[in-house]
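Okay, structure first, notes after.
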Amino acid sequence: WGQALMISPVLEKGARSRDVYFTAGVWYDFYSGAAMPRAEEEGVGHTVTLPAPLSRIHLHIRGGSIVPLQVPGMTTAFSRYNRFELIVALSPEGTASGRLFWD
């Protein structure tokens, strides 16, 4: 998934929570856009215990990233009619960058 996205699935049957290690920097919840808690010491990664509902897989976006999204169509020809969206996850400095390869 590259440097922009982090997927943290629950791997243990019956688990009600999941420990997720976040590397240094800002991380955002993909679904809500909320910033995740950061380490108290700047430049250090840390672990956060998150609830593990059955209804979703944890997905986070690294601050400083731009992620393009497009709703899929039934075929690639129909997908071309669907609009693009950009998720812009700002870094602590207020910047972001990303790449899109469109074939």
Side-chain angles (χ1 to χ4, degrees):
W1 299 104
Q3 296 180 357
L5 297 175
M6 179 173 62
I7 303 167
S8 305
V10 174
L11 302 175
E12 295 90 27
K13 183 177 179 178
R16 299 285 181 242
S17 63
R18 167 81 157 90
D19 289 338
V20 178
Y21 180 78
F22 291 94
T23 57
V26 179
W27 287 89
Y28 298 92
D29 180 276
F30 176 84
Y31 306 103
S32 70
M36 300 306 297
R38 296 177 67 183
E40 293 182 19
E41 185 179 341
E42 191 65 33
V44 175
H46 67 291
T47 300
V48 176
T49 300
L50 300 174
L54 294 174
S55 59
R56 76 178 211 183
I57 295 174
H58 287 293
L59 177 59
H60 297 94
I61 301 174
R62 181 189 302 270
S65 302
I66 300 175
V67 178
L69 301 176
Q70 184 184 36
V71 175
M74 291 299 288
T75 67
T76 55
F78 284 119
S79 290
R80 293 184 180 132
Y81 295 103
N82 295 337
R83 63 187 175 94
F84 280 95
E85 296 179 39
L86 296 176
I87 296 178
V88 180
L90 297 177
S91 70
E93 296 77 34
T95 62
S97 64
R99 293 183 180 192
L100 171 65
F101 177 78
W102 193 8
D103 189 9

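Given the structure is predicted, the values throughout are model-derived calculations rather than measurements.
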Compile the donor-acceptor pairs under 3.5 Å between side chains in residues 58-70 and protein atoms, sequence neighbours left out, one pair per line.
unit_1 : atom_1 : unit_2 : atom_2 : d
His58  : NE2    : Pro51  : O      : 2.6
Arg62  : NE     : Gln3   : O      : 2.9
Arg62  : NH1    : Thr23  : OG1    : 3.4
Ser65  : OG     : Arg62  : O      : 3.0
Gln70  : NE2    : Ser79  : O      : 2.7
Gln70  : NE2    : Asn82  : O      : 2.9

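- No side-chain donor-acceptor contact under 3.5 Å links His46 to the backbone of Ala24.
- For Arg18, there are no salt bridge (Lys or Arg N to Asp or Glu O under 4.0 Å) partners two or more places apart in sequence or in a different chain.
- Of all heavy-atom pairs between Tyr28 and Leu90, the closest is OH-O, 2.8 Å.
- Under a 3.5 Å cut-off, the side chain of Tyr21 and the backbone N or O of Val48 do not form any donor-acceptor pair.
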Exercise for review: Let me see the working for Ile7 and Ile57 under side chain to side chain contact (heavy atoms under 4.5 Å, CB included), right down to the final yes or no.
Suggested key: CA-CA 7 Å; Ile7 303 167; Ile57 295 174; 3.8 Å; yes

List, one per line, each side-chain donor-acceptor pair under 3.5 Å for residues 92-99, sequence neighbours excluded.
unit_1 : atom_1 : unit_2 : atom_2 : d
Glu93  : OE1    : Ser91  : OG     : 3.2
Thr95  : OG1    : Ser91  : OG     : 3.0

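- The salt bridge (charged side-chain N to carboxylate O under 4.0 Å, His left out) contacts involving residues 43-56 comprise Asp29-Arg56, where partners must be two or more places apart or lie in separate chains.
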Exercise for review: Could you go through the side chain to side chain contact (heavy atoms under 4.5 Å, CB included) check for Met6 and Phe22 one step at a time?
Suggested key: CA-CA 9 Å; Met6 179 173 62; Phe22 291 94; 3.5 Å; yes

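- At most 12 heavy atoms of other shown residues, nucleotides or ligands fall within 6.0 angstrom of atom CG in Leu54.
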Exercise for review: Just do the side chain to side chain contact (heavy atoms under 4.5 Å, CB included) check on Ile87 and Phe30 with the steps written out, would you?
Suggested key: CA-CA 9 Å; Ile87 296 178; Phe30 176 84; 3.4 Å; yes

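- Transitive grouping of hydrophobic side chains (ILVMFWY, heavy atoms separated by less than 4.5 Å) keeps Met36 and Val88 in distinct clusters.
- Residue pairs that meet the salt bridge (charged side-chain N to carboxylate O under 4.0 Å, His left out) test with at least one member in residues 45-54, sequence neighbours left out, do not exist here.
- Within a 6.0 Å sphere centred on OH of Tyr31, other residues, nucleotides and ligands contribute more than 12 heavy atoms.
- For Ala15, the side-chain contact (heavy atoms from CB on, under 4.5 Å) criterion is met by Val10, Glu12, not counting sequence neighbours.
- Contacts of Phe101 classified as ring pair (Phe, Tyr, Trp, His ring centres under 6.0 Å), with partners at least two apart in sequence or in another chain: none.
- Checked against side-chain contact (heavy atoms from CB on, under 4.5 Å), Thr49 has the following partners two or more places apart in sequence or in another chain: Ser17, Asp19.
- Scanning for salt bridge (Lys or Arg N to Asp or Glu O under 4.0 Å) contacts around Arg83 gives Glu85, with sequence neighbours left out.
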